[in-house]
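The structure displayed is predicted, hence computed values, not measured ones. Start at 1 with the first residue, then count along the sequence. Note that ligands are numbered from 1 as they come in the structure, with each ligand's atoms numbered from 1 the same way.
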Amino acid sequence: MSVLVTGGAGYIGSHMTLELVDRGDSVVVLDNLVTGVRAQVSEKATFVEGDISDKDLVRDILKTHKVDAVIHFAGSIVVPESVEDPLKYYSNNTAKSRDLIESCVASGVKQFIFSSTAAVYGVTDEASIAEDGAKDPASPYGRSKLMTEWMLEDTAHAHDFRYVALRYFNVAGADPKGRSGQSTPRATHLIKRACQVALGRAPYLGIFGTDFPTPDGTGVRDYIHVSDLIGAHALALAHLRGGGASSLFNCGYGHGFSVREVAKAVERVAGAPLAVKEMPRRAGDPPAIVSNPAKLKAALGWKPQHDSLDEIVASALAWERRLNSA
Ligand code: UDP
């Protein structure tokens, strides 16, 4: 019995693979290495370079390795890019997920965990969003993921197949043991960018929008440490393997930080001022997205261990330094 991790050479998938191999699970990683980094895959996992839409390859992996559960991270994740190139997102996140789900059904793999996103929700005045909040994605990225949630729901109705979709809020930070982190050099995410600036790899941090209806005018997000996110996946896997029903969960802490607050945290942790530059809003960016994590805590017993912006930033900075010195 083993777990297939798609996108296991990527930022979050590589952390999932570490968690699984650490506890002795057999893991196969499938990654096309378009954005993934081969060296980031644990040597204890079997690595296969390829695409989730390659049905022959996927079915061969599922059979050969006796896969009983798929954890599906592979996809494209940059909101503004999805606005500029929506069809890339409908291909990588929607159409290819369809192919993967079909391969699972055809091969009798009945358990599936999906990386979804808080971007499936619409703009809201609520302080935080629960799973039943209105779905009205502001970007093709959010739509591409919401469509995959729908495919999973319909597949679970029609077949002997159960899934957990985890809606990630803003994932950041790195493995506390320093074995993995965000490696993409052209990463666009805030904490990664801020760490690059702190280490002199970029001249300044752009603050995208200072006129949002938020306390300091900059965008507010619920940043979750990647290790706590992986903890949620481990609980979801145990839930499915224990016969648990299909479900959806938010993954965030339930409180948000503005772009300026993140910049201050990076200054605090790095111990030096951070150059920032106010810029116009970025396409597709909602003002604030904060999770209501009550369901994940109640249903799966999730207990965050790293709910601290400074800890998130410190681990991200430590990883960035490691990349610098590599
Ligand atoms: N952001 C920013 N400068 C950057 C990157 C991001 O001001 O260089 C802002 C962005 O507008 C949003 C927040 O930081 O309000 C988080 O953006 P990120 O790209 O990290 O994640 P997203 O919420 O878009 O998935």
Side-chain angles (χ1 to χ4, degrees), residues 10-12 35 73 75-86 89 93 115-124 128-129 137-146 166-174 181-226 229 250-253 255-267 274-291 309 312-313 315-317 319-320:
Y11 167 46
I12 304 172
T35 54
F73 296 96
S76 297
I77 58 159
V78 182
V79 172
E81 184 192 46
S82 81
V83 176
E84 280 159 25
D85 191 359
Y89 281 69
N93 294 352
S115 301
S116 190
T117 170
V120 300
Y121 296 114
V123 173
T124 172
S128 65
I129 309 170
S139 64
Y141 169 66
R143 289 166 183 259
S144 71
K145 291 280 189 175
L146 185 56
L166 296 172
R167 292 182 179 147
Y168 305 169
F169 283 64
N170 286 65
V171 188
Q182 257 181 313
S183 296
T184 326
R186 292 176 311 284
T188 58
H189 291 107
L190 178 64
I191 291 181
K192 168 87 178 175
R193 295 287 301 152
C195 289
Q196 288 176 328
V197 174
L199 295 180
R201 304 188 81 191
Y204 59 84
L205 176 72
I207 297 183
F208 299 149
T210 53
D211 58 350
F212 285 107
T214 58
D216 69 13
T218 66
V220 169
R221 298 288 184 275
D222 185 342
Y223 296 92
I224 173 174
H225 194 296
V226 64
L229 181 78
N250 282 348
C251 294
Y253 292 135
H255 47 80
F257 293 98
S258 71
V259 175
R260 289 196 202 281
E261 285 173 324
V262 169
K264 284 211 178 67
V266 173
E267 288 187 333
L274 191 77
V276 299
K277 189 169 168 184
E278 295 185 1
M279 301 182 65
R281 291 185 186 192
R282 202 172 60 173
D285 268 354
I289 317 179
V290 175
S291 167
L309 183 59
I312 291 173
V313 167
S315 69
L317 201 57
W319 175 253
E320 202 61 39

Under the side-chain hydrogen bond (donor to acceptor under 3.5 Å, both in side chains) test, which residues partner Tyr121, sequence neighbours left out?
-> Arg167, Asn250
Stacked cation flag Arg281 on Phe212, 6.0 angstrom / 45 deg | yes
Partner set under side chain to side chain contact (heavy atoms under 4.5 Å, CB included) for Glu261, not counting sequence neighbours | Phe257, Ser258
List by chain and number: which residues place a heavy atom under 4.0 Å from ligand 1?
-> Asn170, Thr188, His189, Leu190, Arg193, Leu205, Gly206, Ile207, Phe208, Gly219, Arg221, Tyr223, Val259, Arg282, Asp285
Which residues share a ring-ring contact (aromatic ring centres under 6.0 Å, His included) with Phe208, sequence neighbours left out = none
Judged by atom type as modelled, is there a donor-acceptor pair below 3.5 Å linking the side chain of Glu267 to the main-chain atoms of Leu274?
-> yes
Keeping the roles fixed (side chain from Tyr11, backbone from Ala172), state whether a donor-acceptor pair exists under 3.5 Å.
-> yes
